[in-house]
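Single-structure report; data block below.
Numbers here simply count residues along the sequence, with the first being 1.
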Amino acid sequence: MFRPFHLKVASLALIVAATASCQVDGPRIGASVTARAGFKANYLVARAALENGQFTKAERGYAGLLKKAGPLEPRLRLEYAHALLRAGKYAKASDEARVVASQLQGRGRSAALAVQATADQEIARGAINKGLADADAIQRLVAARAGFDEMLKNHPDLDPLGALALRRKTIDVELSTIN
C-alpha cells in the first residue's frame, strides 16, 4: 500500500516541479509583452505631444524611447529631431537629423534632410540677425541648401504646400546678404 502512495507523492512532486519551471518562463514572456505594451504607450504619448504642440513633453518622451528603440531607432530619432526642431533646439535637431540621414535612404533620408536643413537654416538666421554672419552661418546655409535640394529632387511630395521649396529659395537671398 505504501508503493501507490509513494508513486502518488512522486507524481505530485514531478507535477509541482514541472509547474514551477513553467512559471519561471511565464513571467519573462509576460514581462516582454508588458514591455512592448509600455513602449507602445510611451510612443503614443510622445507622438500625441508632438502633434498637439507640447514639444518639450514630446522631446522627453522620444529621448526615453531611444534607449530601447532597437530597429525602430532611425524612425524614433527622426521624430525626436522633429520635436527638437519644433521646440526651437535647432543645433540638437540638426545633429539628430544628420545622424538619421546618414543611416537611411529613400523617403526616410529625405525626411531627415528636411529637418536638418530647416534646423541649419534657423541657426544661420539666428546668427545673421545677431550680426554674426560668420563661416559657420555660411556653412549651415550651404548645408541647408544641399539638404533641401536633395529632398525636393527625390521626394517633392514631402513638401505638398511648397513651404520647403520657399525656404530653399530664401537661402540664396540669405547667402547673398552675407557675401
Side-chain angles (χ1 to χ4, degrees), residues 39-40 42-179:
F39 185 88
K40 182 178 178 181
N42 291 339
Y43 170 77
L44 293 174
V45 167
R47 184 72 195 172
L50 179 60
E51 291 173 358
N52 293 320
Q54 299 169 312
F55 305 125
T56 303
K57 182 177 181 179
E59 176 190 343
R60 281 192 316 265
Y62 285 119
L65 289 167
L66 282 172
K67 297 171 188 169
K68 304 172 200 160
L72 297 174
E73 187 263 333
R75 177 189 172 101
L76 291 175
R77 188 169 301 281
L78 177 58
E79 291 186 36
Y80 176 53
H82 190 228
L84 291 165
L85 177 70
R86 299 292 301 273
K89 297 180 179 179
Y90 303 124
K92 196 164 182 181
S94 175
D95 292 344
E96 293 294 334
R98 192 170 276 106
V99 167
V100 176
S102 73
Q103 293 174 338
L104 298 179
Q105 297 177 3
R107 263 180 104 70
R109 176 175 168 77
S110 289
L113 288 172
V115 172
Q116 174 258 310
T118 302
D120 282 344
Q121 186 179 28
E122 289 300 323
I123 293 167
R125 283 180 173 174
I128 293 167
N129 290 338
K130 292 178 184 175
L132 304 172
D134 57 5
D136 182 60
I138 293 169
Q139 182 181 4
R140 288 199 182 265
L141 286 174
V142 170
R145 178 174 58 193
F148 284 135
D149 284 347
E150 183 179 333
M151 188 274 313
L152 291 167
K153 177 184 174 200
N154 295 331
H155 294 94
D157 58 304
L158 292 176
D159 187 25
L161 302 177
L164 298 177
L166 181 60
R167 274 187 168 276
R168 165 53 185 97
K169 287 179 185 176
T170 63
I171 290 173
D172 290 333
V173 174
E174 291 162 339
L175 282 169
S176 71
T177 64
I178 294 174
N179 295 328

Check: Pick one: which of Gln103, His155, Glu150 meets side chain to side chain donor-acceptor pair (under 3.5 Å) with Arg109?
Finding: Glu150

Item checked: Asp120 side-chain N/O to Ala143 backbone N/O, donor-acceptor pair under 3.5 Å -> no

Note to self: List the residues meeting side chain to side chain donor-acceptor pair (under 3.5 Å) with Asp134, not counting sequence neighbours, and say none if there are none.
What the structure shows: none

Next item on the list: Test side chain to side chain donor-acceptor pair (under 3.5 Å) on Thr56 and Arg86 and set out the steps.
Entry: CA-CA 9 Å; Thr56 303; Arg86 299 292 301 273; over 6 Å; no

Note to self: Does this structure show an ion pair linking Asp149 with Lys153, if we count only N-O contacts that are shorter than 4.0 Å?
What the structure shows: no

Next item on the list: Evaluate the side chain to side chain donor-acceptor pair (under 3.5 Å) criterion for residues Glu96 and Gln116: first the C-alpha distance (whole Å), next the side-chain angles of each, then the deciding distance (0.1 Å), finally the verdict.
Entry: CA-CA 8 Å; Glu96 293 294 334; Gln116 174 258 310; over 6 Å; no

Check: Which value, rounded to the nearest 0.5 Å, describes the distance between Gln121 atom CD and Arg140 atom CZ?
Finding: 12.5 Å

Check: Between Arg47 and Glu51, is the closest basic N to carboxylate O distance under 4.0 Å?
Finding: yes

Next item on the list: List the steps, then state whether side-chain contact (heavy atoms from CB on, under 4.5 Å) holds for Gln54 with Leu50.
Entry: CA-CA 6 Å; Gln54 299 169 312; Leu50 179 60; over 6 Å; no

Note to self: Quick test of your reading of the model: are Glu122 and Arg167 salt-bridged, counting only N-O distances below 4.0 Å?
What the structure shows: yes

Check: For Ala81 and Ala97, which heavy atoms make the closest approach, and how far apart are they?
Finding: CB-N, 3.8 Å

Item checked: Contact summary for Ala58 and Ala46, nearest pair of heavy atoms -> CB-O, 3.6 Å

Checklist line | Heavy-atom pair with the smallest gap, counting every atom of Ala165 and Leu152 | finding: CA-CD1, 3.8 Å

Check: Does any non-hydrogen side-chain atom of Tyr90 lie less than 4.5 Å from one of Leu84?
Finding: no

Check: Would you find a donor on one side and an acceptor on the other, under 3.5 Å apart, between the side chain of Thr177 and the backbone of Glu174?
Finding: yes

Note to self: Can you confirm whether the side chains of Tyr43 and Glu79 place a donor and an acceptor under 3.5 Å from each other?
What the structure shows: yes

Notebook entry, point to check: From Leu104 CG over to Arg77 CZ, what is the distance, rounded to the nearest 0.5 angstrom?
Noted result: 11.0 Å

Checklist line | Residue pair Leu164 / Leu158, side-chain heavy-atom distance below 4.5 Å | finding: no

Next item on the list: Evaluate the side-chain contact (heavy atoms from CB on, under 4.5 Å) criterion for residues Thr170 and Arg125: first the C-alpha distance (whole Å), next the side-chain angles of each, then the deciding distance (0.1 Å), finally the verdict.
Entry: CA-CA 11 Å; Thr170 63; Arg125 283 180 173 174; 3.3 Å; yes

Notebook entry, point to check: After noting the C-alpha distance and the side-chain angles of Phe148 and Asp159, does the key distance pass the side-chain contact (heavy atoms from CB on, under 4.5 Å) rule?
Noted result: CA-CA 10 Å; Phe148 284 135; Asp159 187 25; over 6 Å; no

Note to self: Would you compute the distance between atom OG of Ser176 and atom CG of Leu141 and round it to the nearest 0.5 angstrom?
What the structure shows: 10.5 Å

Note to self: Any heavy-atom pair between the side chains of Tyr80 and Lys92 that's under 4.5 Å?
What the structure shows: yes

Note to self: Between Lys57 and Tyr62, do the side chains contain a donor N or O and an acceptor N or O under 3.5 Å apart?
What the structure shows: no

Check: Which atom names give the shortest non-hydrogen contact between Ala137 and Ala124, and what distance separates them?
Finding: O-CB, 3.6 Å

Checklist line | Atom pair CD1/CG of Ile123 and Asp136 - distance to nearest 0.5 Å | finding: 7.5 Å

Check: Considering all heavy atoms of both residues, which atom of Gly147 and which atom of Leu113 are nearest to each other, and what is their separation?
Finding: O-CB, 3.9 Å

Check: So, for Val100 and Leu78, which heavy atoms are closest and what is the spacing to 0.1 Å?
Finding: CG2-N, 3.7 Å

Notebook entry, point to check: Does one side chain, of Asn154 or Ser110, offer a donor that lies under 3.5 Å from an acceptor on the other?
Noted result: no

